[in-house]
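See below for the structure under consideration.
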Amino acid sequence: MTDSPLTVFLIDDDEGIRRSLQRALEKRGYTVESHASAASFLAAYDPARQGCLLLDYGMPGMNGLELQRHLNLLGATIPVIFITGHGGVPESVQAIKAGAVDFLEKPFRQAHLVERIETAFAVARERLDLHEQDRRLRARFQSLTARELEIVQRMIARPSEISSKELAAALGISPRTVDHHRARILEKMNVKSVAELIALATR
C-alpha cells in the first residue's frame, strides 16, 4: 500500500460552507482540496491521489449523484460522503446503493463528519491494499512464458486432467518437460501446490 497522505476532496458550490469546512478540517490535520463544482474537480482529478470525496448533492450543472455515477463509470475507487441541504430519502438511498459511505444532511456535527471521513479513509486504504495485491499478482502471471501460461490455462479449464501424463499428451510434449514447467510455474507464482495456483488464477 502507498504511504502517500490521503486527501479530503471537498466539492460544494457554497463558498461560505466550503471555506468553513476546509478550515475546520485542516485544523484537525487533514489535507483538503476544495472545488466549487464537479467540473472543477474532474478537470483536476488524478486517480493516483487517494482519499475521500466530500460531495455536496445539490450543485448547479453536474450534481453530486451525477458526479458519483460518472466516477463509477470511470472505475474510480475513491469513497464518497455526501453532504446536502436538499436531498431526501430517495436520493440518499440512491447514493448509498451506488457505494457512498454516508449521506449527511446539513447542518451536521463536525465530530460526526470526522468519524465518517475516518471510515472513508479506512475504506480507501483497504482498496489500495487490494489494488496492490492485484498488481503484484498480475506481475507474477506476466512473468510466465507462453508455454507456462498455456499449462496454467489448461489446468484451470480442466482441473480433473492435470496429471503430467495428461498435460503432456494434450500439449504434445513429454511428461518430464511438463514436470519442469510445473516446477517453474510454482516457483514464479510463489505457491506450493497446484491447488493454490488454481485459486490464484481463478482470482
Side-chain angles (χ1 to χ4, degrees), residues 1-15 17-26 28-106 108 110 112-142 200 202-203:
M1 188 189 79
T2 179
D3 291 328
S4 300
L6 300 178
T7 300
V8 177
F9 298 94
L10 169 61
I11 308 175
D12 196 312
D13 63 309
D14 187 314
E15 184 177 359
I17 291 175
R18 199 169 62 248
R19 286 184 175 179
S20 173
L21 270 177
Q22 181 164 358
R23 279 198 304 269
L25 291 174
E26 287 177 342
R28 289 177 177 262
Y30 291 103
T31 299
V32 182
E33 179 182 304
S34 65
H35 296 273
S37 67
S40 170
F41 168 75
L42 288 173
Y45 176 59
D46 177 2
R49 295 183 63 198
Q50 295 294 323
C52 75
L53 194 57
L54 195 54
L55 178 58
D56 183 31
Y57 165 74
M59 296 184 294
M62 181 183 286
N63 68 32
L65 284 174
E66 290 168 341
L67 175 57
Q68 183 190 31
R69 281 196 295 270
H70 182 73
L71 290 172
N72 285 344
L73 287 173
L74 292 176
T77 60
I78 187 168
V80 177
I81 301 168
F82 276 94
I83 54 173
T84 181
H86 308 287
V89 172
E91 292 82 6
S92 64
V93 170
Q94 189 175 346
I96 299 299
K97 282 186 175 180
V101 172
D102 211 337
F103 197 98
L104 306 179
E105 290 191 29
K106 302 171 185 174
F108 45 77
Q110 278 191 21
H112 184 47
L113 175 61
V114 167
E115 176 190 320
R116 304 318 291 154
I117 289 173
E118 287 302 315
T119 297
F121 276 6
V123 171
R125 292 186 183 100
E126 182 179 353
R127 290 175 180 174
L128 282 169
D129 282 342
L130 289 173
H131 177 76
E132 179 61 18
Q133 290 172 26
D134 288 343
R135 185 195 66 77
R136 291 177 181 174
L137 183 56
R138 284 194 299 271
R140 286 192 228 168
F141 277 106
Q142 288 167 359
L200 278 184
T202 302
R203 173 181 163 187

Q: Could you tell me how the ring of Phe103 sits relative to the ring of Tyr57: parallel (under 30°), tilted (30 to 60°) or perpendicular (over 60°)?
A: tilted

Q. Would one find more than 12 heavy atoms of other residues, nucleotides or ligands at under 6.0 Å from atom CZ of Arg69?
A. yes

Q: Return the minimal non-hydrogen interatomic distance between Ile11 and Ala38, and the atom names on each side.
A: CG2-N, 4.0 Å

Q.
If I compare all heavy atoms of Asp56 with all of Thr84, which pair ends up nearest, and what's the gap?
A. OD1-CA, 3.9 Å

(Q) Give me each pair satisfying side chain to side chain donor-acceptor pair (under 3.5 Å) with a member in residues 30-43, each pair once, sequence neighbours excluded. (A) Gln22-Ser34, Tyr30-Glu118, Glu33-His35, Glu33-Arg49, His35-Ser40

To the nearest 0.5 angstrom, please state how far the [atom1] atom of [X] sits from the [atom2] atom of [Y].
X	Y	atom1	atom2	result
Lys106	Leu104	NZ	CG	10.5 Å
Ile78	Leu6	CD1	CG	9.0 Å
Tyr45	Leu53	OH	CG	9.0 Å

Q. Passes side chain to side chain contact (heavy atoms under 4.5 Å, CB included), Leu67 versus Leu42? Steps please.
A. CA-CA 9 Å; Leu67 175 57; Leu42 288 173; 3.8 Å; yes

Q: Could you tell me which residues satisfy side-chain contact (heavy atoms from CB on, under 4.5 Å) with Ala120, sequence neighbours excluded, listed by chain and number?
A: Cys52, Pro79, Ile81, Val101

Q | side-chain contact (heavy atoms from CB on, under 4.5 Å) partners for Ala100, two or more places apart | A | Gln68, Phe82, Ala95, Ile96

(Q) Working note: Ile83 + Leu21, criterion side chain to side chain contact (heavy atoms under 4.5 Å, CB included); need CA distance, chi angles, decisive distance, verdict. (A) CA-CA 11 Å; Ile83 54 173; Leu21 270 177; 3.8 Å; yes

Q: I would like to know whether Leu25 and Ile117 meet side chain to side chain contact (heavy atoms under 4.5 Å, CB included); could you show each step before the answer?
A: CA-CA 10 Å; Leu25 291 174; Ile117 289 173; 3.7 Å; yes

(Q) Is there a side-chain contact between Phe41 and Leu55 in this structure, where contact means two heavy atoms from C-beta onward sitting under 4.5 Å apart? (A) no

For [X], give me all partners under salt bridge (charged side-chain N to carboxylate O under 4.0 Å, His left out), at least two apart in sequence or on another chain.
X	result
Arg18	none
Asp102	Arg116
Arg28	none

Q. Just by modelled atom types, is the Asp12 backbone N or O under 3.5 Å from a matching donor or acceptor in the Glu15 side chain?
A. no

